[in-house]
Amino acid sequence: MINKIVKSAEEAVADIFDGAVVLISGFGEAGSPIELIHALIDHGAKDLTVISNNTGSGHVGLAALIENKQVKKMICSFPRTANSTVFPDLYYKKEIELELVPQGTLAERIRAGGAGIPAFFTPSSVNTPLAEGKEARIFDGKTYVMEHAIKADFSLVKCKAADRYGNLTYNKTARNFGPIMCTAANTTIVQAKQIVEPGEIDPEIVVTPGIFVTKVVEVTNPEAESKLVAEDRRYPCQ
Amino acid sequence: MINKIVKSAEEAVADIFDGAVVLISGFGEAGSPIELIHALIDHGAKDLTVISNNTGSGHVGLAALIENKQVKKMICSFPRTANSTVFPDLYYKKEIELELVPQGTLAERIRAGGAGIPAFFTPSSVNTPLAEGKEARIFDGKTYVMEHAIKADFSLVKCKAADRYGNLTYNKTARNFGPIMCTAANTTIVQAKQIVEPGEIDPEIVVTPGIFVTKVVEVTNPEAESKLVAEDRRYPCQ
Amino acid sequence: MPIIEKKIGWDRNQMAQKAAFDIPDGSYVNLGIGMPELVAGFVPEGREVIYHTENGLLGMGQIPENGKEDPELINAGKKCITAIPGACFFHHADSFTMIRGSHIDICVLGAFQVSEEGDLANWSTGKPGAIPAVGGAMDLVAGVKTIFVITQHLTKNGDSKIVEKCTYPLTGKGVVNRIYTNLAILDVTENGLFVRELAPDVTFEYLQQNTGARLNQY
Amino acid sequence: MPIIEKKIGWDRNQMAQKAAFDIPDGSYVNLGIGMPELVAGFVPEGREVIYHTENGLLGMGQIPENGKEDPELINAGKKCITAIPGACFFHHADSFTMIRGSHIDICVLGAFQVSEEGDLANWSTGKPGAIPAVGGAMDLVAGVKTIFVITQHLTKNGDSKIVEKCTYPLTGKGVVNRIYTNLAILDVTENGLFVRELAPDVTFEYLQQNTGARLNQY
């Protein structure tokens, strides 16, 4: 029997190794798998390359992972966020690398990684500093740059409901990068607000087919990052 | 007020011009917009380039459009189907052109057309006759061929439910090429089994966002191609 | 550039209203963070405009009532929003299909600088050591059919944001179609910048004096 | 090639059963049209295998009861099917993301010819004037992790389908991992074809006589 459900976030992230490339879902706090990230902090894997749209806020979640010096390099579109000081501090001290990618190119590179497309052409960033050093090419009189797929060792993704096959649904704009990140990692680890029986999710409304998911852990009451930040909470708790 | 609903299939296809490039949804009969195709036969636009996975069966739907000599060229992955004699006959007489494309490449080229990606690399067809004349390139030691986006003037698509914004859901495996074809045409024309009020389709389960749709016509009881073929029906009726 | 001493021209809401007036009925529109967000408040009566937010929603509605905010229903500026009946959610690759694939009709963005050829700089001042952050701006200007810029005409230091050539790193080259400032509305054309409308009490000469690029009259 | 005169070896169901036995529990599997479809009937007890059909379904179930067919619920061979609880539907680009992106574990395909280097020809006999039709075969062999071929060892004319070099147009080069024929199971390795199992009453010598490529014994 196929059963991708694991008992704890700790067990879910146990295989993440030093130096791993990790996709982390979320746009701001929406869709950020905060419990999985905290489990990864407890786990301690370091020298990670993390791909996520932002760099977290306050001292919890992704910001806490960065603050705990587990991240060697960030690949993201927008490393500045309200209440974000952790990444900027390390960046100014040159203790963390940054690869800045336009948001749509970031999404498409991840989608390409999952779809077996090694490279594609996009009009985004042409004639800007972010296109420097990249191969340019003209199609139908318009210039495009070539971008390469992003593939990762692990994805950490937050969703709404999951079944034992790994079929997923999401909540509102917390969907964002989740579905494409599920496709682009060797091991996709998901935290679901609810685990349901196979068939309870109508096959017409499954957003992430189970084939893209490796492990699912139920986190019934996930923390809201903004609430933790407002309370000035830290992880690990001090 | 945005209202993409039109009164008849005739009105829906009225703008299709001679020489147009037309995407037609469906995999076999599932998802084939047979009433829109019949309206296009009545309309009479000719010298069409049609992109569809197959070439229809019997003497109705896509096969009837081809039989009526409105199609100059087919782009598809599988032009042979059970009960399909119309395309083969014209092909042997060299009265219709064929561009054969692997099914996954066909899907990805259409998706790229909708997504503003002019070209991409794929491992499919490498070292086969279908890669001849195409640019090949090695990424990470593996060879890929470059494929170009497909963009069309019109898409004809069948769906299950639609609202006045053009938000769509589909039925089972009749979804197939519909969602990507909606994105890749200047004008996307949809036949829906049911038109519903905005909001009746849960925003979480919309498959095709309305932005990709131009016109919607309600066809409450669409014909089943296989039934028409079994009855040896023809279009136009004789 | 001379500094404007007396307060003339449009205020932020008036600028937003001017931009809103130029958005046709039935348009699909993406609004950038900041002043562009104001545009949604001024859709003329009788028009229906659908707002796209690149983090995965088409059909963005009003700001939610107090206490009804959902931290998983936010816009690109990470503010809580609502969804209209007929809205839909989708993932980031599909969202940028809408943008890059030229399905969005109009995008309204802020600017650091706009050149007379429509080059836009709005993501980085290029200062050494500053943390660069680009978000979806480069995708929007590359893919959306029509780009409106809404911005103060002058920087806080009194420098014109409308320039012959951008000195800041570009977001896109030749991408801006129209500029809404507190002093005027400018069209970017193949023949340079044309003044579409002057704010009250602003003369063409005054505008030219306060603009770092050559202006033309229709 | 010599023609086999007496009927020895496995029948179609036995070949399918042999292939099914080699599909591990929990695999995601795509079955080609024809003999590969038989494999689904022989999943050993205690194993759960999820079937993918490239026209947009993961979790294909049994053939529907008479009268319960839905012409909009079909497989890649355009036959009516059912969906298991826990199935999901998706569009063609997502379906080929599963294929091209190497998410499908095993694909079982028919063949016109397989070479000793694992080249597969199964879409065209290359006859002039014949209508070429490729479907998803080239995507499957390019993307799926493991490719099983299931085929009669000889053509109706008695020619070996296992050859040194394919003479028909290729579907993919060096893509086949294992071949199930009525006479034997063969592994395609870097060092050539190895006999994994012989059908009852088939000797290595007999197999080699009836095979158009050099065989090796483990």
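Here is how names work: the chains are called A, B, and so on, in the same order as the sequence lines, proteins then strands, and each is numbered from 1.
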Engaged part of A83(D) at the chain B interface, taking heavy atoms whose separation is under 4.5 Å: neither

Side-chain contact test, heavy atoms from C-beta onward, threshold under 4.5 Å: evaluate it for [X] versus [Y] and give yes or no.
X: N54(B); Y: K78(D); answer: yes
X: E72(D); Y: Y170(B); answer: no
X: T128(B); Y: M138(D); answer: yes
X: N176(B); Y: H91(D); answer: no
X: P132(D); Y: L98(B); answer: yes
X: T173(B); Y: F89(D); answer: yes
X: F96(D); Y: E108(B); answer: no
X: F78(B); Y: I131(D); answer: no

Using a 3.5 Å distance criterion without hydrogens, assess whether the side chain of R100(D) forms a donor-acceptor pair with backbone atoms of G104(B). yes

Interface residue of largest heavy-atom contact number with chain D, from [options], under 4.5 Å:
options: P102(B), A30(B), G28(B), A174(B); value: P102(B)
options: P123(B), A131(B), G31(B); value: P123(B)
options: P79(B), A107(B), G178(B); value: P79(B)

Side chain from CB out, backbone as N, CA, C, O: work out which of these in [X] comes under 4.5 Å of a heavy atom of chain D, or both, or neither.
X: K160(B); value: neither
X: Y92(B); value: side chain
X: Y91(B); value: side chain
X: K142(B); value: side chain
X: V207(B); value: neither

Go through the steps for K172(B) and D70(D) under the test side chain to side chain contact (heavy atoms under 4.5 Å, CB included), then give the verdict. CA-CA 9 Å; K172(B) 303 188 184 77; D70(D) 179 345; 3.1 Å; yes

Test log, rule side chain to side chain contact (heavy atoms under 4.5 Å, CB included), inputs L100(B) and W123(D): CA-CA 12 Å; L100(B) 189 74; W123(D) 68 286; 3.5 Å; yes

